[in-house]
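Below is one structure, written out as structure tokens; the observations come after it.
We name chains A, B, ... by the order of the sequence lines, and we start the count at 1 in each one. As a basis for the values below, the full set of heavy atoms in this structure was taken, side chains included, without hydrogen atoms, waters or symmetry mates.
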Number of protein chains: 2
Amino acid sequence: MIFTYMCKTCGCSFRSRDFGNIERFVEPCILLLLSQKPSHGYSLMEDLEHKCGEKVDIGNLYRTLRRMEMDGWVKSDWSKNESGPDRRTYTITQEGLEFLKSAVSSLTHTDELIHRLMEGYKEAFRKEQASV
Amino acid sequence: MIFTYMCKTCGCSFRSRDFGNIERFVEPCILLLLSQKPSHGYSLMEDLEHKCGEKVDIGNLYRTLRRMEMDGWVKSDWSKNESGPDRRTYTITQEGLEFLKSAVSSLTHTDELIHRLMEGYKEAFRKEQASV
DNA sequence: TTTAATATATGATATTTACATATATGTGCA
DNA sequence: TGCACATATATGTAAATATCATATATTAAA
């Protein structure tokens, strides 16, 4: 999800990610899915979209999973697949469960910051909203 | 706000930003403050912490303000200061007000994704929470 | 005169994301 | 057989963003 800006000084257009993205938000989403049952990258891609509302770049997802294994939050093993290429199946670890818990806690704080901004916005633009 | 990870394969430690950060979240916070009255970088730094709960790196803040001016969301003028160095005073523009509105809208979506994750977490770990 | 607070700015580096591309297996079909 | 397509994993490159350090200058206070 990207959108385009126009530079005011030289007129060139440039691209940026859509506003509101939480850095590495996909990681607790992956961990929550894996806490229910082990899975592999391609399947997680579909579940992330349908169950978590997260459209992810598949290349990024595979790199993220390898990094999460480096971090000790998941571990992986190859599993045979009769109806297609073999799969690298990921399982959540105790450390992964602990990070998931701390991530939910951090997101509570993020949520508070969002609400603080939205409340301030509502208060500042109350009259304009009333007139609409 | 940063925290430290330990690499599981080589034992090296490395640093990352704290979890839960929203990319460029400081920008709508700045715009909301400027929608109330024009201000300058150093003063915004203090207001961002006390009114918005956002501790910002001052170097990053000045660079962000210059970028926001490039984007057309604010404009700046130098103003004399008898009790210290002169200040670059920023004023919000109509485009800035429009971006603030769209940012609040995007953050509503971000908020939904956070709540979706937190609800899923609560449901998955209900028993553990009950036993604590 | 030296220190601290105020005030703005940039250089270097690390991290994360976006987009493109490479590789390989199994299924269906013409 | 040859081809397209879905499945499946992975990496190369570049852009965007954040972190940390540092530079510069003014005013006031110790």
Separation of D:dA18 atom P from B:Arg24 atom CZ, nearest Å, is 8 Å

ask   = Is any side-chain N of the basic residue among B:Asp71 and B:Arg24 closer than 4.0 Å to the acidic one's carboxylate O?
value = yes

Residue pairs passing the side-chain hydrogen bond (donor to acceptor under 3.5 Å, both in side chains) test with at least one member in residues 77-86 of chain B, sequence neighbours excluded, are B:Ser79-B:Thr89, B:Lys80-B:Asp86, B:Asn81-B:Ser83

To the nearest angstrom, the CD-C1' distance between B:Glu69 and C:dA9 comes to 14 Å

(Q) Below 30° counts as parallel, above 60° as perpendicular, anything between as tilted: where do the rings of A:Phe99 and A:Trp73 land? (A) parallel

Whole-Å distance, A:Glu54 CD to C:dT17 P, equals 10 Å

Atom CZ of A:Phe25 and atom C1' of D:dT17 are separated, to the nearest Å, by 19 Å

Side chain to side chain donor-acceptor pair (under 3.5 Å) filter on A:Arg67, not counting sequence neighbours, yields A:Glu27

Working for side chain to side chain contact (heavy atoms under 4.5 Å, CB included), residues B:Arg66 and B:Met70: CA-CA 6 Å; B:Arg66 302 309 296 271; B:Met70 285 269 287; 5.9 Å; no

Can you give me every donor-acceptor pair (side chain of residues 38-45 of chain B, partner residue at least two apart or in another chain, under 3.5 Å) with its distance?
| residue | atom | partner | partner atom | Å |
| --- | --- | --- | --- | --- |
| B:Ser39 | OG | B:Ser43 | OG | 3.3 |
| B:His40 | NE2 | B:Arg87 | NE | 3.4 |

In 5'-to-3' order, the base (B), backbone-only (S) or no-contact (-) status of each nucleotide in nucleotides 4-13 of chain D, using a 4.0 angstrom heavy-atom cut-off, is ---BBBBBBB

Rounded to whole Å, the CE-C1' distance (B:Met45 to C:dA7) equals 9 Å

Salt bridge (Lys or Arg N to Asp or Glu O under 4.0 Å) filter on B:Glu119, not counting sequence neighbours, yields B:Lys122

From CD1 of B:Ile22 across to P of C:dT16 the rounded distance in Å is 16 Å

Could you go through B:Phe125 and A:Leu97, starting from their C-alpha distance and side-chain angles, then the distance that decides it, and tell me whether this counts as side chain to side chain contact (heavy atoms under 4.5 Å, CB included)? CA-CA 10 Å; B:Phe125 297 94; A:Leu97 286 166; 3.7 Å; yes

The helix from C:dT1-D:dA30 to C:dA30-D:dT1: angle between terminal helix axes, five bp per end, to the nearest 10 degrees, reads 10°

B:Phe19 atom CZ is separated from C:dT16 atom C1', nearest whole Å, by 13 Å

Checking B:Leu32, B:Ile30, B:Asp47, B:Leu33 against B:Cys52 for side-chain contact (heavy atoms from CB on, under 4.5 Å), the one that qualifies is B:Leu33

A:Asn21 CG to D:dA18 C1', in whole Å, measures 15 Å

